[in-house]
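Below is a structure I'd like to ask you about.
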Number of protein chains: 2
Amino acid sequence: MGHSQAEKAKTHKRIVQIASKRFREDGLAGVGVAEVMKEAGLTVGGFYKHFDSRDDLMAEALSVALGRLKRQMDAAASGGPPLTYSTVVDDYLSEGHRDKPGVGCPISALAGEIARSDKRTRSLATEGIRSDIQVITGLITALIRGKDKAARAKAILTFSALVGAVELARVVSDEELSREILKTVDGLLKDMVADR
Amino acid sequence: MGHSQAEKAKTHKRIVQIASKRFREDGLAGVGVAEVMKEAGLTVGGFYKHFDSRDDLMAEALSVALGRLKRQMDAAASGGPPLTYSTVVDDYLSEGHRDKPGVGCPISALAGEIARSDKRTRSLATEGIRSDIQVITGLITALIRGKDKAARAKAILTFSALVGAVELARVVSDEELSREILKTVDGLLKDMVADR
DNA sequence: ATTATCTATAGATCTATAGATAATGC
DNA sequence: ATTATCTATAGATCTATAGATAATGC
């Protein structure tokens with residue numbers, strides 16, 4: 001007990017990371033403070049020296065989960081693996097993403113609950129969505145030169161379809177239909193941005 | 001107290017209707033048994049003579065909410081207001097639907113939570129989704145004669161985009177962006193099925 | 001001296017059950 | 001006699017707090 005400040009900062013990050021994963025897996029209402037602390041190797045009592053409330057943990061956990069696409073984009077810009085419309089869409093609609101919500105997009109995992117959350121949570125998610133739309137718009141513009149307005153519209157349809165398709169694929173208990181949804185949306189979205 | 005069997009059946013239906021609305025508004029985890037009973041003008045104690053468990057109420061409440069599109073379709077077939085691809089899409093992407101989840105599509109309201117629910121709940125939702133896709137496929141086929149396979153693919157993209165767009169529009173706290181999402185997806189989906 | 005974490009618990013809330021009450025229906 | 005509903009409550013769970021303990025850091 002009573003470790004250093006440096007260790008506290010690490011502990012704080014660890015709690016947020018675990019919460020971020022667990023919220024995406026089990027929903028904002030599905031994980032308790034005690035459970036998150038236990039998974040971090042700690043006990044409930046210490047929690048409130050890190051966060052004023054459970055809501056604060058939710059906000060922080062959501063923050064670190066959002067903007068993953070933006071970070072990948074920035075990474076690609078500075079020499080990381082290249083990001084294209086195709087790779088983003090393939091990734092989002094992969095069975096891997098469907099089956100691992102804990103490390104996936106927080107919007108497809110939590111949209112329904114976020115819509116019912118307080119203003120701060122919704123504002124965070126709003127900026128995340130705005131950013132994702134901008135990134136996708138950029139990826140489309142890279143393919144279709146000149147038509148900027150159409151690019152943004154297509155980006156909005158793309159993101160809506162991605163989120164909806166993954167949510168449907170996660171609900172559907174018939175594996176064949178679930179795969180059909182992912183495959184079909186993947187194909188049609190790529191057709192849409194293909195030169196024509 | 002101690003009313004007739006006929007009245008019990010009515011009471012049962014009323015409980016389910018209220019639960020169906022409240023679950024869509026506040027989430028599967030957001031409403032308690034006591035609250036639903038109170039809204040029905042009853043007390044908690046009587047609940048378990050109607051349902052074996054809260055889960056049973058969830059399943060029944062989801063059942064009555066699902067298949068609304070199918071019922072509208074059947075109604076249209078027997079002389080009701082005509083149902084077209086345009087009307088369905090316009091309706092789904094309306095601000096009215098966005099702002100009244102309690103009387104809207106249970107998939108866009110609850111997909112995230114249903115994906116984390118038990119097998120029975122997911123099976124119910126799966127059949128609801130299958131039915132919605134079939135109805136939309138039919139509406140597209142009515143416009144584009146002959147190309148059946150393309151119709152089903154477009155129906156799957158349509159339903160994914162509808163669900164995703166409404167969820168995003170509900171999350172987004174910036175009214176302008178929220179409306180942009182609804183309008184944009186509405187326009188592009190109708191373009192997609194327009195003769196070309 | 002300060003503080004990061006622990007144990008213990010208060011207080012709220014929620015599902016489900018037990019037993020009482022007042023109607024229905026044979 | 002049966003049963004639909006009521007009041008009351010047991011038992012579980014969850015957030016948040018109080019006070020103790022054992023480290024850090026001046």
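Convention: sequence-line order gives letters A, B, ...; per-chain numbering from 1.
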### Query
Is there a residue in residues 117-125 of chain B whose heavy atoms reach under 4.0 Å of DNA chain D, and which residues are they?
none
### Task
Return the set of residues passing salt bridge (charged side-chain N to carboxylate O under 4.0 Å, His left out) with A/D91 (not counting sequence neighbours), or none when no residue passes.
none
### Message
List the residues meeting salt bridge (charged side-chain N to carboxylate O under 4.0 Å, His left out) with B/K190, not counting sequence neighbours, and say none if there are none.
### Response
B/D90, B/D186
### Task
Measure from CD1 on A/I15 to C1' on C/dC6 and round the result to the nearest Å.
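From A/I15 CD1 to C/dC6 C1': 14 Å.
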### Query
Who pairs with B/R14 by salt bridge (charged side-chain N to carboxylate O under 4.0 Å, His left out), at least two apart in sequence or on another chain?
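By the salt bridge (charged side-chain N to carboxylate O under 4.0 Å, His left out) rule, B/R14 matches no residue at all.
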## Note on the structure
Residues passing the side chain to side chain contact (heavy atoms under 4.5 Å, CB included) test with B/R122, sequence neighbours excluded, are A/S173, B/I114
### Query
In whole Å, what is the span from the CD atom of A/Q5 to the P atom of D/dT24?
12 Å
#### Entry: Set of residues satisfying side chain to side chain contact (heavy atoms under 4.5 Å, CB included) with respect to A/T43, sequence neighbours excluded
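Partners of A/T43 under the side chain to side chain contact (heavy atoms under 4.5 Å, CB included) test: none.
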#### Entry: Counterpart residues, ring pair (Phe, Tyr, Trp, His ring centres under 6.0 Å), relative to A/F47 (two or more places apart)
A/F51
For nucleotides 15-18 of chain C, give me every protein contact, N/O to N/O, under 3.5 Å, one pair per line with atom names.
| unit_1 | atom_1 | unit_2 | atom_2 | d |
| --- | --- | --- | --- | --- |
| C/dT15 | OP1 | B/R54 | NE | 2.5 |
| C/dT15 | OP2 | B/V33 | N | 3.0 |
| C/dA16 | OP2 | B/Y48 | OH | 2.7 |
| C/dA16 | OP2 | B/R54 | N | 2.9 |
| C/dA16 | O5' | B/Y48 | OH | 3.4 |

#### Entry: Qualifying side-chain hydrogen bond (donor to acceptor under 3.5 Å, both in side chains) pairs, either residue in residues 62-83 of chain B, two or more places apart
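Applying side-chain hydrogen bond (donor to acceptor under 3.5 Å, both in side chains) to every pair that reaches into residues 62-83 of chain B, excluding sequence neighbours, yields nothing.
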### Query
Does a side-chain N or O from B/H50 land closer than 4.0 Å to OP1 or OP2 of D/dT5, or not?
yes
### Message
OP1 or OP2 of C/dA4 versus the side-chain N and O atoms of A/K8: is any pair under 4.0 Å?
### Response
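So the side chain of A/K8 is within the cut-off, an N or O lying under 4.0 Å from OP1 or OP2 of C/dA4.
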### Query
If a stem is a run of at least 3 consecutive Watson-Crick or G-U pairs, both distances under 3.5 Å, which stems include DNA chain D?
C:1-24 with D:1-24
### Query
Under the side chain to side chain contact (heavy atoms under 4.5 Å, CB included) test, which residues partner A/E175, sequence neighbours left out?
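Partners of A/E175 by the side chain to side chain contact (heavy atoms under 4.5 Å, CB included) criterion, ordered by chain and then number, come out as A/E95, A/R98, A/R179.
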### Query
So which heavy atom on A/Y85 is nearest to which on A/T158, and how close?
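The answer is OH-OG1, 2.6 Å.
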### Message
Using the side chain to side chain donor-acceptor pair (under 3.5 Å) definition, which of the options B/Q17, B/H50, B/K49 pairs with B/H12?
### Response
B/H50
#### Entry: salt bridge (charged side-chain N to carboxylate O under 4.0 Å, His left out) partners of residues 27-36 of chain B, not counting sequence neighbours, each pair once
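Sorted pair list: B/R22-B/E35.
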### Message
Any side-chain N or O of A/T11 below 4.0 angstrom from OP1/OP2 of C/dT5?
### Response
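For C/dT5, OP1/OP2 do have a side-chain N/O of A/T11 under 4.0 Å.
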### Message
From NZ of B/K38 over to C1' of C/dC14, roughly how many Å is that when rounded to an integer?
### Response
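After rounding, the gap between these two atoms is 15 Å.
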